[in-house]
S.K.: 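Submitted below is the structure of interest, expressed as structure tokens.
Only heavy atoms go into these numbers, but all of them, side chains included; no hydrogens, no water, no symmetry mates. Chain letters run A, B, ... following the sequence lines, proteins first and then strands; every chain starts at 1. Keep in mind the model is a prediction, meaning the values are calculated, not measured.
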Number of protein chains: 2
Amino acid sequence: MRVMDRSVKNCYAGHMARPRQFDEEQVLRAVRDQFWDAGYAATSLEDLMRVSGLGKGSLYGAFGDKRQLFLRALRSYNETSCGYLQEMFSSTPRVLDALRAFLAAPVSDPGGAAARRGCLMANSTYELATTDPDVLTEARRTYETTTGLVAECVARAQDEGDMPRDADPIETARALLVAQQGLVFMGRTGLDIDKLTVTARTLTAQLLPGA
Amino acid sequence: MRVMDRSVKNCYAGHMARPRQFDEEQVLRAVRDQFWDAGYAATSLEDLMRVSGLGKGSLYGAFGDKRQLFLRALRSYNETSCGYLQEMFSSTPRVLDALRAFLAAPVSDPGGAAARRGCLMANSTYELATTDPDVLTEARRTYETTTGLVAECVARAQDEGDMPRDADPIETARALLVAQQGLVFMGRTGLDIDKLTVTARTLTAQLLPGA
DNA sequence: CGAGTTATTAACTGACCGGTCCACCATATG
DNA sequence: CATATGGTGGACCGGTCAGTTAATAACTCG
């Protein structure tokens, strides 16, 4: 359970009396999973100590307070997500397939566990965006980035002759993102994953060309 | 601020020593707005006392604990919402227009205030559905009801010759609901209401026939 | 009018939370 | 090996929370 690491990851120059005994990224991952499953408010510092294996002092020393720790985990999550997206978009031979995969991503997990868990950024938006301006900013930033990435893909699909030229890439990207987030949401309502998968196919057929 | 009412709304038969000094439905509305704006966890009993004008004792005497009060407010909200929906569906001359209005409902508010506020059921699903089984049940029930209502509409639109006969009404309804909830979500991210309105139009054009 | 019943109010309780602080300790350096 | 540095863990604190209780007020009905 405990996340220990002898490797020296400190960034200070000066004198280094004692290196961190934990790996910051491992801690961020553990903390992110906790926030992901339970939400921000429902996660206590005790929970964070348990999943990270660290004491309060270490947590506060390394990350500041609970909110800052959460924001770091959230940003890390978003960077990872956007990274995955970019990789998928750039590695899929036919970019239209990547767009299909993007739309259907919320139902890509066979058992539906991922669908029930939802998306940390979406969960956080619903819980905190109205009260915490930093979360709102992060949400806007992330979804604008995502829209941009998808729009690039749409433009490439147009170049490849797989999508009609008359559609605005940005606008198409927004429609796809909206549909995707709708799927994410319905997954959270506990809607049967098979039914949701069918709906994802229906939406794919209507929003993206080809069979 | 105080919600007083001399009308006797108690349901007991037996001896009625002292009637409620407040109207239960008015209190439920006030409480619902509070939960709607701040969420469940972020709403304290003090908040509930403030917006209802009642003391703790009265609140607990009439509704039980915070969670029960929340569930009552949520159910009342859902009944009202479904009522509005049914009324719109039955009063719109051409049922296809009702479907368009349903899909675009999240952006129907000019200023975008409603979009930013979101939907109480959606907010609650994100905050509580994973931890509170009653909320999850309520979510499933509500969205199944909604799907059913929309599906009826789709079938009627088919009868009126406004939609192709080959589509499954239930499946079409799910796709529309998913798209609508996607719009609700993007509204919560603070996406500009004008952009969101355009996207709503884009989705309408792709998911519903006709101009 | 008064006895009985219920609504109302505010003081109170115990638990828990986020955050601070400090004594202790592991390590790098000379 | 001695010392300085800063990581570590847990005791501790003030505040807030949901929920309880008991005294009081308001009302019905005989």
S.K.: Please tell me which of A/G57 and A/K66 maps to the more 5' nucleotide of DNA chain C, matching each residue to the nucleotide holding its nearest heavy atom.
M.R.: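 The answer here is A/K66.
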S.K.: Could you work out, with salt bridge (Lys or Arg N to Asp or Glu O under 4.0 Å) as the rule, every residue matching B/D47, not counting sequence neighbours?
M.R.: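 Partners of B/D47 by the salt bridge (Lys or Arg N to Asp or Glu O under 4.0 Å) criterion, ordered by chain and then number, come out as B/R50.
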S.K.: Counting side-chain heavy atoms from C-beta on, which of D/dA18, C/dT9, C/dG19 comes nearest to A/L45?
M.R.: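 For A/L45, the side-chain atoms sit closest to C/dG19.
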S.K.: Using salt bridge (Lys or Arg N to Asp or Glu O under 4.0 Å) as the criterion, list what pairs up with B/R72, not counting sequence neighbours.
M.R.: B/E24
S.K.: OP1 or OP2 of D/dG9 sitting under 4.0 Å from any side-chain N/O of A/S58?
M.R.: yes
S.K.: Report the residues that fulfil side-chain hydrogen bond (donor to acceptor under 3.5 Å, both in side chains) with B/S90, sequence neighbours left out, ordered by chain and then residue number.
M.R.: none
S.K.: What are the atom names and distances for every N/O pair under 3.5 Å that joins the protein to nucleotides 12-14 of chain D?
M.R.:
none

S.K.: Going by number, which of residues 32-43 of chain B have a non-hydrogen atom under 4.0 Å from DNA chain C?
M.R.: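 Close to the strand, none.
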S.K.: Please name the pair of heavy atoms, one in B/V107 and one in B/A200, separated by the smallest distance, quoted to 0.1 Å.
M.R.: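 In terms of heavy atoms, the two residues are closest at CG2-CB, 3.8 Å.
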S.K.: Can you tell me which residue pairs pass the ring pair (Phe, Tyr, Trp, His ring centres under 6.0 Å) test with a partner in residues 176-207 of chain A, sequence neighbours excluded?
M.R.: A/F185-B/Y126, A/F185-B/Y143
S.K.: In whole angstrom, give the distance that lies between atom OH of A/Y60 and atom P of C/dC22.
M.R.: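 Going from A/Y60 (OH) to C/dC22 (P), I get 17 Å.
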S.K.: Without decimals, in angstroms, what is the distance between A/L54 CG and D/dG7 P?
M.R.: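 That distance rounds to 12 Å.
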S.K.: In whole angstrom, give the distance that lies between atom CG of B/L59 and atom C1' of C/dT9.
M.R.: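 Spelled out: CG on B/L59 to C1' on C/dT9 is 13 Å.
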S.K.: What integer distance in Å separates B/M49:CE from D/dT16:P?
M.R.: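 Value for this atom pair: 15 Å.
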S.K.: Only counting residues at least two apart or in another chain, list the ones meeting side-chain hydrogen bond (donor to acceptor under 3.5 Å, both in side chains) with A/R94.
M.R.: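 A/D162.
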S.K.: Can you see which heavy atom on B/A179 is nearest to which on B/L203, and at what distance?
M.R.: CB-CD1, 4.5 Å
S.K.: Take the protein atom CD of B/E46 and the nucleotide atom C1' of D/dC17, then report the distance between them rounded to whole Å.
M.R.: 10 Å
S.K.: For B/D192, check salt bridge (Lys or Arg N to Asp or Glu O under 4.0 Å) against everything at least two apart and list the hits.
M.R.: none
S.K.: Quick one: side-chain hydrogen bond (donor to acceptor under 3.5 Å, both in side chains) partners of A/D97, sequence neighbours excluded?
M.R.: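 Expected list: A/R100.
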S.K.: State which residues pass side-chain hydrogen bond (donor to acceptor under 3.5 Å, both in side chains) with A/R117; sequence neighbours excluded, sorted by chain then number.
M.R.: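 With sequence neighbours excluded, A/R117 shows a side-chain hydrogen bond (donor to acceptor under 3.5 Å, both in side chains) to A/D33, A/D37, given in chain and number order.
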S.K.: Applying side-chain hydrogen bond (donor to acceptor under 3.5 Å, both in side chains), which residue pairs with at least one partner in residues 194-204 of chain B are found, sequence neighbours left out?
M.R.: A/E171-B/T199, A/E171-B/T202
S.K.: Describe, as an angle rounded to 10 degrees, how the axis at the first end of the helix from C/dC1-D/dG30 to C/dG30-D/dC1 is tilted relative to the axis at the last end, five pairs per end.
M.R.: 0°
S.K.: Between atom CG in B/D47 and atom C1' in D/dC17, what is the gap in whole Å?
M.R.: 11 Å
